Engineer: 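Take a look at the following structure, please.
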Amino acid sequence: DFYADPDDRQNFLTALQASGGQITGYEARIRNKDGGEVWVATSARYRYDAAGKFAGVEGTTRDIDRQKRAEAALRRAEEMLREGLDALPVALAIYDSTDRLALSNENYRAVLLPNGEMVTPGTKFEDLVRSFAPVAAAPLAEGQRAGHDDRTRSRSGGLDAARVADDDGRRRLRAGL
């Protein structure tokens, strides 16, 4: 059979019909002439004869096997990175150039509980800090200095956080219990 998974032919035809007779980028694994499997993306449409009667399906198929392998390798690398970060004994977060959370480890999310639901990629640093909305600024220990005026303490009083600009201009959340 042309498809690596025997159900893929019917799945393709069902998707083509459900989309009104035209589909773009339908992904499936097929068998090449050597019997190996490759990922392809198919764009197809129903074809009709001059009388308007259904005459078949025509389309093109593009090899996306290299792309699929690269995506799988990226997922494995991201998983390894997350596992490595979660194994660290410190709370760690990385914010992008727009001050949105890009990545954090389990310890970071645990430190920020009960506001942990906000600790998701894309959350603005400012929104995260504001989620701790103190009634008054947290008192500093004698001789201790805050990085900026946005120093705060969690509602429970357990988290002391300050946004600090590094030499490279990137902001970090420094948190301590």
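Excluded from the calculations below are hydrogen atoms, water molecules and symmetry mates; all remaining heavy atoms, backbone and side chain alike, are included. Because the structure is a prediction, the values reported are computed rather than measured.
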Engineer: List the residues meeting salt bridge (Lys or Arg N to Asp or Glu O under 4.0 Å) with Arg45, not counting sequence neighbours, and say none if there are none.
Structural biologist: Glu58

Engineer: Of all residues at least two apart in sequence or in a different chain, which pass the salt bridge (Lys or Arg N to Asp or Glu O under 4.0 Å) check with Asp86?
Structural biologist: Arg109

Engineer: Mind checking side-chain contact (heavy atoms from CB on, under 4.5 Å) for Glu83 and listing every partner two or more places apart, or none if nothing turns up?
Structural biologist: Glu79

Engineer: Please enumerate all residues that pass side-chain contact (heavy atoms from CB on, under 4.5 Å) together with Leu81, with sequence neighbours excluded.
Structural biologist: Leu85, Leu103

Engineer: Check side-chain contact (heavy atoms from CB on, under 4.5 Å) between Thr98 and all other residues, then give those that pass, not counting sequence neighbours.
Structural biologist: Asp96, Arg100

Engineer: Could you go through residues 69-76 and list every donor-acceptor pair under 3.5 Å that involves a side-chain atom there, pairing it with any protein atom two or more places apart or in another chain?
Structural biologist:
unit_1 : atom_1 : unit_2 : atom_2 : d
Arg69  : NE     : Asp65  : OD2    : 3.0
Arg69  : NH2    : Asp65  : OD2    : 3.1
Glu71  : OE2    : Gln67  : NE2    : 3.0

Engineer: So, for Leu101 and Tyr95, which heavy atoms are closest and what is the spacing to 0.1 Å?
Structural biologist: N-CD2, 3.4 Å

Engineer: Is the number of heavy atoms from other residues, nucleotides or ligands within 6.0 Å of CZ (Arg29) greater than 12?
Structural biologist: yes

Engineer: Rounded to the nearest 0.5 Å, what separates atom CZ in Phe2 from atom CG in Asn32?
Structural biologist: 10.0 Å

Engineer: What are the two closest heavy atoms between Ser43 and Gly25, and how far apart are they?
Structural biologist: OG-N, 3.2 Å

Engineer: Do Asn107 and Leu92 have side-chain heavy atoms sitting under 4.5 Å apart?
Structural biologist: no

Engineer: For Arg31, check salt bridge (Lys or Arg N to Asp or Glu O under 4.0 Å) against everything at least two apart and list the hits.
Structural biologist: Glu37

Engineer: Among Thr14, Asp7, Asp8, whose side chain to side chain donor-acceptor pair (under 3.5 Å) with Gln10 holds?
Structural biologist: Thr14

Engineer: Contact between Ile30 and Val38 at the side-chain level, heavy atoms closer than 4.5 Å - yes or no?
Structural biologist: yes

Engineer: Who passes side chain to side chain donor-acceptor pair (under 3.5 Å) against Lys68, sequence neighbours left out?
Structural biologist: Glu27

Engineer: Are any non-hydrogen side-chain atoms of Leu16 and Val57 less than 4.5 angstrom apart?
Structural biologist: yes

Engineer: Taking side chain to side chain donor-acceptor pair (under 3.5 Å) as the test, write out the residues that go with Ser19, two or more places apart.
Structural biologist: none

Engineer: Please confirm whether the backbone N or O of Val90 pairs with a side-chain atom of Asn105, one donor and one acceptor, at under 3.5 Å?
Structural biologist: yes

Engineer: Applying ring pair (Phe, Tyr, Trp, His ring centres under 6.0 Å) as the test, list every pair that has at least one member in residues 63-85; sequence neighbours left out.
Structural biologist: none

Engineer: Using the side-chain contact (heavy atoms from CB on, under 4.5 Å) criterion, which residues pair with Tyr48? Sequence neighbours excluded.
Structural biologist: Tyr46, Phe54

Engineer: How would you list, by chain and number, every residue that makes a ring pair (Phe, Tyr, Trp, His ring centres under 6.0 Å) with Tyr26, sequence neighbours excluded?
Structural biologist: Phe12

